[in-house]
Amino acid sequence: GQSLEQPSEVTAVEGAIVQINCTYQTSGFYGLSWYQQHDGGAPTFLSYNALDGLEETGRFSSFLSRSDSYGYLLLQELQMKDSASYFCAVRDQWNTDKLIFGTGTRLQVFP
Amino acid sequence: EAGVAQSPRYKIIEKRQSVAFWCNPISGHATLYWYQQILGQGPKLLIQFQNNGVVDDSQLPKDRFSAERLKGVDSTLKIQPAKLEDSAVYLCASSIPSRLNTGELFFGEGSRLTVL
């Protein structure tokens, strides 16, 4: 089967940089997505990596290493509003329109 | 562009009762999903529609859960009878091929179910 592992919780202070890791197991790989979800809110798409390397979108960057089955989300210049849960997700090897989500990492940003 | 609409936002029922959730996807989105998110976990796919046809319902507990998308637009997810372990947030999502190719789904805010 396919599975994704993330740390359950990460804490940081405003202005800092934090990295949220994701390791995955899948026979067929079609890309790694990242989503943000505030408490009681909808998961919202942040980024997608299909190839190795770093993708940058403003304060957020996402990295992928397919040889290591590993990716991370990097959040810079942390703000209080970044406190949320972050999920990595892979496209299912048998149904690439289906996303399989990790268990999520809860980020708490302190002043 | 209007987002994915879901209702009700909250529902409390007793076990063995029934409940129904409604979803209106983004206009023009042919693919619609129902995900279940238990507290502290990631979303888990229950069922996926392409227009009004079912693509994947392999993880739908069919003895108690049912879903339909009769006209290829709105969808309804029903649970009957509910169990305590069905307490979760039920998320509806939709997308189109160009966005699916980059792993992007558009989620609603969900319907939070509490089964007592």
Side-chain angles (χ1 to χ4, degrees), chain A residues 1-9 20 22-24 26 28-51 55 57 62 64 66 71 73 84-108, chain B residues 2-7 9-10 23-26 29-51 53-60 88-114:
Chain A
Q2 296 167 281
S3 65
L4 301 97
E5 288 189 17
Q6 302 178 237
S8 58
E9 189 168 357
I20 299 174
C22 173
T23 56
Y24 58 86
T26 179
F29 179 76
Y30 297 93
L32 185 72
S33 299
W34 288 93
Y35 283 78
Q36 178 192 60
Q37 185 179 32
H38 288 99
D39 286 348
T44 56
F45 175 79
L46 291 176
S47 67
Y48 176 75
N49 295 70
L51 302 175
E55 295 280 344
T57 310
S62 56
L64 176 67
R66 289 175 295 170
L73 181 68
S85 292
Y86 293 84
F87 296 90
C88 58
V90 293
R91 297 167 70 183
D92 183 86
Q93 58 183 320
W94 307 115
N95 170 11
T96 56
D97 288 346
K98 168 184 173 181
L99 288 188
I100 298 172
F101 286 83
T103 50
T105 299
R106 186 171 182 87
L107 170 65
Q108 292 192 66
Chain B
V4 176
Q6 292 189 244
S7 67
R9 286 296 316 277
Y10 305 94
C23 171
N24 182 251
I26 294 172
H29 283 200
T31 309
L32 183 147
Y33 309 80
W34 284 100
Y35 276 84
Q36 180 192 58
Q37 186 176 26
I38 293 171
L39 187 64
Q41 299 182 18
K44 184 186 84 170
L45 182 70
L46 292 176
I47 189 166
Q48 174 189 346
F49 292 94
Q50 179 71 22
N51 295 309
V54 175
V55 174
D56 187 334
D57 64 358
S58 58
Q59 293 185 284
L60 186 74
V89 176
Y90 292 86
L91 294 163
C92 180
S94 67
S95 197
I96 52 176
S98 60
R99 298 299 183 99
L100 284 169
N101 287 337
T102 55
E104 184 174 5
L105 304 186
F106 298 83
F107 283 89
E109 292 189 315
S111 295
R112 181 180 296 274
L113 174 65
T114 302

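Per chain, numbering begins at 1; letters A, B, ... match sequence-line order.
Scanning residues 90-97 of chain A against chain B with a 4.5 Å heavy-atom cutoff picks out A/R91, A/N95, A/D97, ordered by number. Contacts from residues 43-51 of chain B to chain A, taken as heavy-atom pairs separated by less than 4.5 Å, involve B/P43, B/L45, B/Q48 in sequence order.
Within the 4.5 angstrom heavy-atom criterion, no atom of B/V4 approaches chain A. Contacts between B/L105 and chain A at a heavy-atom distance below 4.5 Å involve backbone atoms as well as side-chain atoms. At a 4.5 Å heavy-atom cutoff, the contact between B/Q37 and chain A is made by side-chain atoms alone. With a 4.5 angstrom heavy-atom cutoff, B/T31 does not touch chain A via any of its atoms. Neither the backbone nor the side chain of A/Q6 comes within less than 4.5 Å of any heavy atom in chain B. Proximity to chain B is absent for every atom of A/Y30, based on heavy atoms less than 4.5 angstrom apart.
The line from OH of A/Y48 to CG of B/L100 is 10.0 Å long, rounded to the nearest 0.5 Å.
Smallest separation of non-hydrogen atoms from A/L99 and B/G103: CD1-O, 3.6 Å.
Residues passing the side-chain contact (heavy atoms from CB on, under 4.5 Å) test with A/R66 are A/Y24, A/F29, A/L51, A/D52, A/L64, sequence neighbours excluded. With sequence neighbours left out, the side-chain contact (heavy atoms from CB on, under 4.5 Å) criterion links B/E109 to A/A42, B/R9.
Within a 6.0 Å sphere centred on CD of A/E5, other residues, nucleotides and ligands contribute 12 heavy atoms or fewer.
Put simply, of B/R112, B/E104, B/Q41, the one with the most heavy-atom pairs under 4.5 Å next to chain A is B/E104.
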